[in-house]
Amino acid sequence: MSFADLGLEPKLLDAIAAAGYETPTPIQKEAIPPALENRDVLGIAQTGTGKTASFTLPMIQRLGRGRAKARMPRSLVLAPTRELAAQVAENFEKYGANHKLSMALLIGGVSFGDQDAKLTRGVDVLVATPGRLLDHFERGRLLLTGIEVMVVDEADRMLDMGFIPDIERIFKLTPMTRQTLFFSATMPPEIQRITDQFLHNPVRVEVAKPATAADTISQRMVRVPIKDDRTKRAALRELLTHKDVRNGIIFCNRKSTVDVIAKSLQKHGFNARPIHGDLAQAFRTETLDKFRSGEVQFLVASDVAARGLDIPNVSHVFNYDVPIHADDYIHRIGRTGRAGKKGAAMMLVTPADAKFYAAILKTTGAEEIEALDFSVFFEEHAAGGGHRRPSRDKPDDNRSRPRRQPRKPEERKPEPAKAEASSEQPKVEANKEPPAPRRRRSGSTSAPKRDNAEPIIGMGDHIPDFITRAVAG
Ligand code: AMP
């Protein structure tokens with residue numbers, strides 16, 4: 001079956017050919033024909049399946065007829081994160097190259113003024129994160145009564161991030177006559193309830209989970225014998241220098257760990273940059289662009305920031321931390337091995353991760369993930385740092401953060417606006433990443449540099465609580 005068989009018009013077929021696609025993916029085959037008939041579609045599919053084109057192509061065809069009015073967008077795509085929204089917008093640009101559609105992207109971290117000016121001129125396609133969209137709506141800058149097509153992308157992720165009340169509210173602001181294209185990787189009861197309420201007789205399209213996509217991804221793990229952050233970082237560096245590693249995304253469970261690892265890698269001469277939800281949007285965009293262009297080799301990322309990113313040609317995914325949610329493992333490793341290319345995923349597993357590791361095996365249906373033999377490395381590492389004290393089981397390794405390196409101002413965004421904090425700041429990430437414990441002043445001022453430091457003897461920079469506590473009586 002070809003794209004022409006799906007009922008797409010020649011202008012779109014040209015854009016598809018220019019994108020280099022020859023045959024439609026399963027979700028495109030099943031979702032595009034009913035979407036072109038203006039039917040509602042419920043697509044159960046993950047990223048990597050070609051789902052973005054399955055809604056953008058029919059939307060472009062439909063919106064090719066008619067004109068936009070000021071402040072009344074004709075279609076709306078809701079995405080959970082800024083990066084994902086930006087990616088959808090790129091898809092519209094790519095497939096809509098031969099159409100004259102106007103588009104606005106409403107995401108946090110971008111000035112209201114520019115977005116507002118576009119809305120005033122009138123847009124055919126509005127791509128937005130829920131928080132920013134409602135911000136504009138509440139300022140009276142936009143009306144949703146002209147929406148002909150509404151798309152909800154990655155609905156289950158929206159649920160994880162606490163966006164479902166926003167989505168319900170947005171649905172209610174759009175006309176009942178709209179066409180709805182709704183995508184979710186899974187269908188938990190809350191999502192089912194939303195689709196029952198807001199979709200009209202939808203065509204249900206379900207495509208295989210990327211457990212099958214993982215055929216192109218070789219998965220390996222390294223058993224780190226102790227939960228010691230320095231040993232973990234050393235093991236990570238060892239993995240990064242593996243001969244086949246061209247570039248990679250390194251996932252951490254916490255934003256604070258992302259910062260620590262990025263800095264540590266930079267200190268060791270690796271070309272790495274962090275990306276997570278607390279970094280300024282301009283910095284995140286620049287980092288992604290540089291990673292895409294090859295200027296940056298390693299992206300150190302949190303789950304939410306990297307969710308759904310379509311970055312072609314990622315040779316490796318590294319799980320510095322075992323993900324707490326097994327689903328995140330699938331999403332993480334899905335950043336490599338895309339579009340049929342070969343990819344590799346490597347994970348560091350400490351004894352403390354046993355429960356999460358078992359959950360990953362259950363979800364992926366694998367009996368084991370092949371372990372790389374790092375016994376010599378750990379022996380040598382232990383021998384080299386004979387008296388190294390394993391770090392205590394703290395939520396994050398702040399003590400070894402290179403000291404007194406003031407964060408560059410552009411890397412931090414200012415205090416988030418209220419709506420940003422309440423809705424666009426991903427709640428799940430906030431949950432996963434509690435604030436790092438404050439460093440003890442006395443310890444940090446005398447701390448030696450860690451990663452290259454002489455073996456630490458005795459207590460190092462750490463002063464146990466009992467020493468600082470006043471003696472009773
Ligand atoms: P998505 O699931 O929408 O994130 O798409 C995953 C990747 O597949 C993107 O890089 C798309 O450009 C690519 N893609 C989408 N449709 C096709 C197709 N029919 N043939 C080849 N690649 C495609």
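We count ligands from 1, going down the list as the structure has it; atoms in each ligand are counted the same way. In what follows, residues are counted from 1 in the order of the sequence shown.
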Roughly how far apart are [X] [atom1] and [Y] [atom2], rounded to 0.5 Å?
X      : Y      : atom1 : atom2 : value
Leu240 : Gln297 : CG    : CD    : 8.0 Å
Phe137 : Leu143 : CZ    : CG    : 7.0 Å
Asp116 : Leu142 : CG    : CG    : 9.0 Å

Do any N/O atoms on [X] end up under 3.5 angstrom from N/O atoms on ligand 1?
X     : value
Pro24 : no
Gly48 : yes
Gln28 : yes

(request) Quick one: look at Lys94 and ligand 1, take heavy-atom pairs under 4.0 Å, and tell me if it's side chain, backbone, both or neither. (result) side chain
Out of all atoms in ligand 1, which are within 4.0 Å of some heavy atom of [X]? Include the element for each.
X     : value
Phe3  : 19 (N)
Thr47 : 2 (O)
Thr52 : 1 (P), 3 (O), 4 (O)
Thr23 : 18 (C), 19 (N), 20 (N)

(message) Less than 4.0 Å is my threshold; does some heavy atom of Gln87 fall inside it relative to ligand 1?
(response) no
(request) Could you tell me if the ring centre of Phe251 sits under 6.0 Å from that of Tyr320? (result) no
(message) Could you check, using the six-membered ring where one of them is a Trp, whether Tyr329 and His331 have ring centers closer than 6.0 angstrom?
(response) no
(message) Check for me whether Arg132 meets the cation-pi criterion with Phe112, that is, NZ or CZ under 6.0 Å from the six-membered ring centre and within 45 degrees of the ring axis.
(response) yes
(message) So Leu106 and Thr129, do their side chains get closer than 4.5 Å, heavy atoms only?
(response) no
(message) Which option wins on minimum heavy-atom distance to atom 12 (O) of ligand 1: Phe55, Phe183, Tyr21, Tyr95?
(response) Tyr21
